[in-house]
Amino acid sequence: MCTPMAEACGEPQRFFALNFSDPRTSRLVELMTADTAADETIAFAMAWARAIWMVPVRTRKEQLGYSFNRLWRVIKKETLRQIAQGHATPEDIDRAWMLIFGTPMGPCGLMDEVGLHSVLAIEKVYHQESADPSDLPPDFLIKMVEAGELGAASGSGFYTHPNPEYRKPEFLEETDES
């Protein structure tokens, strides 16, 4: 959140926070400010982001996780729930996602790329904020991280890396399973 950091910096009217997405896959950078930010500060932050070839998107009211990350959080949470409850496999979810949206990977592949240890840490922060039991990370994710299955960084997670199944052309073909 911006307000505590803005207040701590001594010049809250000049404080802003940027959240960069992975520049290998996106030019998105999210801008969040406290209510104390001056219009000139916001204009500067937007111009600076554009000057470094990023596309700034404002989160206009402070919230944990900015705007896009909160949308991504809903997808992550539902993906993890479906896997934990046995409704779908990571491959099922990713295959469906990739076919519908035409992306090179689905939510599980993306979580592997981000790092399952990071996913777990973020989910713990959301749970700490809400105190809602439904925000607890699933046990299987905790066990994966404890076992060193961190995703691409460790070579295993939902997939085996460096050549995960979702990168193979046949991944999107119809499966033999019923």
Are Val119 and Lys76 close enough that some pair of their side-chain heavy atoms sits under 4.5 Å apart?
-> yes

Any sub-3.5 Å donor-acceptor pair from Ser154's side-chain atoms to Glu149's backbone N or O?
-> no

Side-chain atoms of residues 133-143: list all donor-acceptor pairs with protein atoms under 3.5 Å, sequence neighbours left out, distances to 0.1 Å.
{"residue": "Ser134", "atom": "OG", "partner": "Lys77", "partner atom": "NZ", "Å": "3.4"}
{"residue": "Ser134", "atom": "OG", "partner": "Asp132", "partner atom": "OD1", "Å": "3.0"}
{"residue": "Ser134", "atom": "OG", "partner": "Asp132", "partner atom": "OD2", "Å": "3.2"}
{"residue": "Asp135", "atom": "OD1", "partner": "Arg73", "partner atom": "NH1", "Å": "3.3"}
{"residue": "Asp135", "atom": "OD1", "partner": "Arg73", "partner atom": "NH2", "Å": "3.3"}
{"residue": "Asp135", "atom": "OD1", "partner": "Lys77", "partner atom": "NZ", "Å": "2.6"}
{"residue": "Asp135", "atom": "OD2", "partner": "Ser130", "partner atom": "OG", "Å": "2.6"}

Close side-chain approach of Pro107 to Leu80, heavy-atom, < 4.5 Å = no

Could you check Leu150 against Ser118 for side-chain contact (heavy atoms from CB on, under 4.5 Å), going step by step and ending with a plain yes or no?
-> CA-CA 9 Å; Leu150 309 178; Ser118 295; over 6 Å; no

Lys/Arg N to Asp/Glu carboxylate O, Arg70 vs Glu62, below 4.0 Å = no

In chain order, what residues pass the side chain to side chain contact (heavy atoms under 4.5 Å, CB included) check against Arg14, with sequence neighbours excluded?
-> Glu11, Thr41

So, Asp94 side chain and Met105 main chain: donor-acceptor pair closer than 3.5 Å or not?
-> no

Mind checking whether Phe44 and Phe15 sit in one hydrophobic cluster, side chains of I, L, V, M, F, W, Y counted as touching below 4.5 Å?
-> no

Do Leu71 and Phe20 belong together in a cluster built from hydrophobic side chains that touch within less than 4.5 Å?
-> no

Only counting residues at least two apart or in another chain, list the ones meeting side chain to side chain contact (heavy atoms under 4.5 Å, CB included) with Lys168.
-> Glu165, Glu170

From Met98 atom CE to Leu172 atom CG, the distance as rounded to the nearest 0.5 Å = 4.5 Å

Out of curiosity, His117 NE2 to Glu146 CD, how far, rounded to the nearest 0.5 Å?
-> 14.5 Å

Mind checking side chain to side chain contact (heavy atoms under 4.5 Å, CB included) for Ala153 and listing every partner two or more places apart, or none if nothing turns up?
-> none

Show the numbers, then the answer: is there a side-chain contact (heavy atoms from CB on, under 4.5 Å) between Ile42 and Leu31?
-> CA-CA 8 Å; Ile42 295 167; Leu31 166 67; 4.2 Å; yes

In sequence, state the C-alpha distance, the side-chain angles, and the governing distance for Glu78 and Val74, and then conclude on side-chain contact (heavy atoms from CB on, under 4.5 Å).
-> CA-CA 6 Å; Glu78 181 60 17; Val74 172; 5.6 Å; no

Minimum-distance pair of heavy atoms, taken over all atoms of Cys108 and Phe158 | O-CD1, 3.6 Å

About how many Å separate CE of Met111 and CD1 of Ile93, when rounded to the nearest 0.5 Å?
-> 7.5 Å

Which heavy atom of Glu30 sits nearest a heavy atom of Asn69, and at what distance?
-> OE2-N, 3.8 Å

Under the ring-ring contact (aromatic ring centres under 6.0 Å, His included) test, which residues partner Trp97, sequence neighbours left out?
-> Phe101

Over 12 non-hydrogen atoms of neighbours within 6.0 angstrom of CD in Gln85 = yes

Would Arg81 and Glu123 satisfy salt bridge (Lys or Arg N to Asp or Glu O under 4.0 Å), going step by step from the backbone distance to the final call?
-> CA-CA 12 Å; Arg81 183 196 70 77; Glu123 293 307 301; over 6 Å; no

Between side-chain atoms of residues 48-60 and protein atoms elsewhere (two or more places apart, or another chain), which donor-acceptor pairs fall under 3.5 Å?
{"residue": "Thr59", "atom": "OG1", "partner": "Ser67", "partner atom": "N", "Å": "3.2"}
{"residue": "Thr59", "atom": "OG1", "partner": "Ser67", "partner atom": "OG", "Å": "3.2"}

Do Phe171 and Ile100 share a hydrophobic cluster, counting only Ile, Leu, Val, Met, Phe, Trp and Tyr and linking them when any side-chain heavy atoms are less than 4.5 Å apart?
-> yes

Where do Met32 and Lys61 land on the side-chain contact (heavy atoms from CB on, under 4.5 Å) test, with the steps shown first?
-> CA-CA 7 Å; Met32 189 176 356; Lys61 185 176 176 186; over 6 Å; no

Donor-acceptor pair, side chain of Asp92 and main chain of Thr89, under 3.5 angstrom = yes

Okay, side chain of Asp112, backbone of Tyr159: is any donor-acceptor separation there less than 3.5 Å?
-> yes

Do the side chains of Tyr66 and Met5 join up, straight or via other hydrophobic residues, at under 4.5 Å, putting them in one cluster?
-> no

Can Phe68 be reached from Ile75 by stepping across I, L, V, M, F, W or Y side chains whose heavy atoms are under 4.5 Å apart?
-> yes

Say whether, by atom type as modelled, one donor and one acceptor occur between the side chain of Ser21 and the main chain of Leu28 under 3.5 angstrom.
-> yes

